[in-house]
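In what follows, chains are A, B, ... by sequence order, proteins preceding strands, each numbered from 1.
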Amino acid sequence: MTEELSLEQARDEAEGLTTRILELRAAYYDRDAQVASDEEYDALVLRLEELERLFPELQSQDSPTQTVGGGVSELFDPVVHAEAMLSLDNVFSEEEFLDWATKVERDSGRKVAFLCELKIDGLAINLRYERGLLVSAATRGNGQVGDDVTANIRYVPGILERLEGEGHPEIVEIRGEIFLAKAAFERLNEGLAGFRERYVARAEERAAAKGRPFDREKSEDAAKRRFPALANPRNAASGGLRQQIEKKDDELDREAGLARLESLSLYVHGIGAWPDPPVAAQSEVYGLISGWGLPTSPYFRVEPDAGAAAEFIRTYGGEQRHSVEHEIDGVVVKVDELALHEELGATSRAPRWATAYKYPPEQVNTKLLDIVVSVGRTGRATPFAIMEKVRVAGSEVRQATLHNQDVVKVKGVLIGDTVVLRKAGDVIPEVLGPVAELRDGSEREFVMPTDCPECGTPLRPMKEGDIDLRCPNAQSCPAQVRGRVEHIGSRGGLDIEGLGEVGAAALTQPEVPEVPPLMTEARLFELTAEELLEIEVIVRDAETGLEKEDEDGVVRRRMPFQKVRLEYAPEAVDLTAAERRKQGFRKDFRVVEPSAQLVKLLAELEKAKTKDLWRQLVSLNIRHVGPVASRALAQYFGSLEAIRAATRDELAAVDGVGGIIADALIEWFAVDWHQEIVERWTAAGVRFAIPGHPGPGAAAAAGGVLAGLTVVATGSLEGYTREGAQEAIIAAGGKAASSVSKKTDFVAWGPGAGSKLAKAEALGLRLIEAAEFRILVEQGPDALPPLPEPEPEPDGEPAEEA
DNA sequence: CACCCTCGAGTTCA
DNA sequence: CTCGAGGGTG
């Protein structure tokens with residue numbers, strides 16, 4: 001998909017396609033002569049799907065791609081709506097919205113008030129009442145004809161068989177939205193887990209009764225297929241309403257089906273054709289409907305002008321979006337005055353007096369192309385999803401972790417599935433689950449490999465009962481060595497420039513046969529320019545993946561002191577590790593364009609030899625020994641030799657170190673190849689000591705202006721790097737904590753501060769900014785300007801002022 | 001036995 | 001930056 005397409009072009013094309021598809025469908029349902037071949041129809045739908053993948057914001061619930069199996073399903077009787085359920089035109093930005101509002105005001109020739117309401121991400125429904133009695137409930141379908149779901153709808157709370165109150169017309173179509181509230185969605189998913197358990201228990205009983213053997217695993221799989229976890233509220237609502245509830249004779253099936261229906265909610269938001277309404281404004285219609293006993297949304301407001309309406313849109317697009325009980329995909333803005341509806345009229349597909357402001361989707365559908373397994377520095381084998389690139393919550397996502405094989409199973413995703421993707425906490429991509437309705441049978445199950453994908457060693461759990469599988473070949477598994485070397489070079493470790501992801505891969509990847517790679521990190525500090533100069537990689541064409549050749553033959557470039565740009569190579573994904581290496585791919589990347597920088601890396605390595613002891617300790621990659629424990633140990637013992645010589649009790653005596661960490665240290669030092677690392681690093685000149693340290697047990701002279709105080713820094717503090725701020729706190733004798741708790745004394749914050757600042761505010765902690773932070777670490781807390789007396793009264797927080 | 005904290009892993013962005 | 005796991009501390 002290399003086409004360049006603007007959003008506008010795509011939208012125009014999608015609208016054309018939508019119209020054409022709906023026409024064809026209508027023709028089909030009117031039993032008209034076939035106006036197009038099935039292939040032509042399919043091609044239209046395919047193209048629309050492709051556009052919606054490229055531009056998820058074009059996707060809407062009334063899109064023909066969202067109605068399964070070509071719109072109105074054969075499983076349900078068709079219902080012809082008395083009045084067509086029009087869709088709404090969409091706007092995607094404040095600018096577009098204001099343009100629309102301006103036009104409406106101009107066409108109206110007077111001041112217009114707008115009714116704003118949250119657009120629920122659910123299913124549109126049309127309820128037909130005759131003489132106050134519910135006669136049918138239908139989905140929107142194609143706008144003209146929908147699916148009859150009357151049998152199901154009766155179980156949805158809030159639906160009335162008979163309208164209450166007075167004054168309803170003889171025949172009335174009431175439009176609303178069926179949805180699953182977020183909390184109900186959570187509860188329903190928990191409930192489904194219960195059904196799975198009951199299903200398995202029943203299968204076991206039945207097997208026992210018949211004296212047949214019982215295969216628990218198989219039964220659990222069957223339970224998962226029968227009562228699958230639900231991916232997201234919208235799909236769950238849609239699936240729930242489209243059950244064949246009356247045909248379910250199995251007790252569990254029926255019960256689960258009812259639970260799904262009873263979890264749904266309804267809000268009504270309009271009335272179909274109604275020639276002489278007794279009210280003058282749309283907002284009053286809601287009062288009327290409420291009077292008949294049907295639920296209306298509490299999230300609506302009449303705004304006096306377009307500016308106020310835009311404010312409403314902004315409010316619910318931001319912070320408030322998550323505080324609403326249900327998912328929101330936008331705001332519907334209607335002209336409030338009913339008389340104007342007539343005047344403004346409608347186009348063939350949408351009224352002119354209303355528009356839908358669409359928020360950027362937080363959840364999108366995308367294709368799960370593959371599930372591959374990677375091994376990290378600790379040897380843990382982690383499956384992750386490779387998806388068709390898709391934009392979600394403001395960035396493009398292609399990968400998401402699936403943690404382990406159990407999570408893959410629980411989520412129920414198959415390779416080839418269309419999956420629902422979101423960003424948890426707006427940052428971390430997460431696969432929620434499959435859209436099972438869109439399966440075509442070509443999907444296949446993910447099988448967790450039994451062997452390490454990089455070194456072939458059989459994977460196994462570390463301890464009995466562990467879900468995580470690990471590669472036990474810690475010493476020489478390329479993935480683990482690479483990971484450890486990268487960790488050594490990282491900022492939290494020895495902070496070596498040039499030894500990041502690429503550098504580590506280049507040094508450890510045993511892909512050039514004539515040069516021995518770093519088989520473990522033991523040789524890291526013995527590297528010489530001569531040796532490094534030998535390492536070469538084959539340059540490949542980014543398009544074809546073929547080896548590049550010049551007049552001397554295959555082009556080879558030197559590594560790793562040559563800067564390399566890596567590019568994602570999807571074609572490498574299906575290869576085994578050995579094949580990948582042979583073909584010159586690094587993991588799933590290919591080398592695109594090398595260029596020079598060696599001396600720098602060697603100089604950096606040289607510098608690292610005399611860096612702080614705690615950094616060197618971190619670089620040994622000992623379980624549970626991160627920067628904090630390392631600092632404590634380094635400060636207390638003063639040298640690696642002293643730590644190595646210490647007993648378990650002596651180690652555990654250090655503040656912040658307990659039995660487990662002590663054990664981890666002792667076990668680490670007992671391993672031969674670990675000792676070799678220490679020996680060779682020492683021989684190469686790594687200092688492993690704090691110069692002038694008096695020796696073990698000499699507790700750090702507790703001093704400094706911040707003694708006994710805990711400070712957390714968050715966001716960017718002017719004049720400090722993230723690291724620098726921590727150093728400053730520690731240098732002043734304070735504790736630099738990584739998370740905010742009520743034991744925190746000060747929270748220094750700057751631009752970009754996130755949840756930590758929010759938490760600090762909630763806890764009522766003392767907040768300081770960069771300038772005050774400087775005073776704090778240089779002169780101590782007493783030098784800070786006094787806190788203004790907190791007003792005992794109104795309106796909470798004092799405004800923060802610079 | 002509660003907290004509260006750190007570790008470790010994963011991800012994408014500027 | 002966030003989460004879960006599992007550590008340490010009071």
- A:Phe384 has its side chain closest, among B:dG8, B:dG10, B:dT11, to B:dT11
- Task: Could you list all the side-chain hydrogen bond (donor to acceptor under 3.5 Å, both in side chains) pairs where at least one residue sits in residues 661-671 of chain A, not counting sequence neighbours?
- Result: A:Arg648-A:Asp663, A:Trp668-A:His674
- A:Arg380 vs B:dG8: side-chain N/O to OP1/OP2 distance below 4.0 Å: no
- Message: Looking at A:Pro233, is its backbone amide N or carbonyl O close enough to the side chain of A:Lys182 to form a donor-acceptor pair, meaning the two atoms are under 3.5 Å apart?
- Response: no
- Query: Between B:dC7, B:dA9, B:dG10, which nucleotide gets closest to the side-chain atoms of A:Val628?
  - Reply: B:dC7
- Of B:dT12, B:dT6, B:dA9, the nucleotide closest to the side chain of A:Gln399 is B:dT12
- Spacing of A:Leu651 atom CG relative to C:dG8 atom C1', expressed in whole Å: 15 Å
- Query: Could you give the CD-to-P distance, from A:Glu486 to B:dT11, as a whole number of Å?
  - Reply: 13 Å
- Expected output: side-chain A:Arg470 to main-chain A:Leu459 donor-acceptor under 3.5 Å: no
- Query: Side chain of A:Glu327, backbone of A:Ala181: donor and acceptor closer than 3.5 Å?
  - Reply: no
- Message: So if I take every side-chain heavy atom of A:Thr378 and compare against B:dG8, B:dT12, B:dG10, which nucleotide ends up nearest?
- Response: B:dG8
- Task: Take the protein atom CG of A:Leu402 and the nucleotide atom C1' of B:dT11, then report the distance between them rounded to whole Å.
- Result: 13 Å
- Are any of the side-chain heavy atoms of A:Glu430 and A:Thr401 separated by less than 4.5 Å? no
- Is the shortest side-chain N/O distance from A:Thr382 to OP1 or OP2 of B:dA9 below 4.0 Å? no
- Answer with base, sugar-phosphate or nothing: what part of the nucleic acid does A:Gly626 contact at a heavy-atom distance below 4.0 Å? sugar-phosphate
- Separation of C:dG4 atom P from A:His403 atom NE2, nearest Å, is 9 Å
- Atom CG of A:Asp649 to atom C1' of C:dG8: distance rounded to whole Å? 16 Å
- Query: Does a side-chain heavy-atom distance below 4.5 Å link A:Glu521 with A:Arg484?
  - Reply: yes
- Whole-Å distance, A:His624 NE2 to C:dG4 P, equals 18 Å
- For A:Asn621 and A:His487, test the side chains for any donor-to-acceptor distance below 3.5 angstrom and give the result as yes or no. yes
- Message: Can you measure A:Leu633 atom CG to C:dG8 atom P for me and round it to whole angstrom units?
- Response: 11 Å
- Here the distance between atom P of B:dA9 and atom NE2 of A:His487, to the nearest Å, is 8 Å
- Message: Which residues in residues 659-671 of chain A have a heavy atom closer than 4.0 Å to any atom of DNA chain C?
- Response: A:Gly659, A:Ile660, A:Ile661
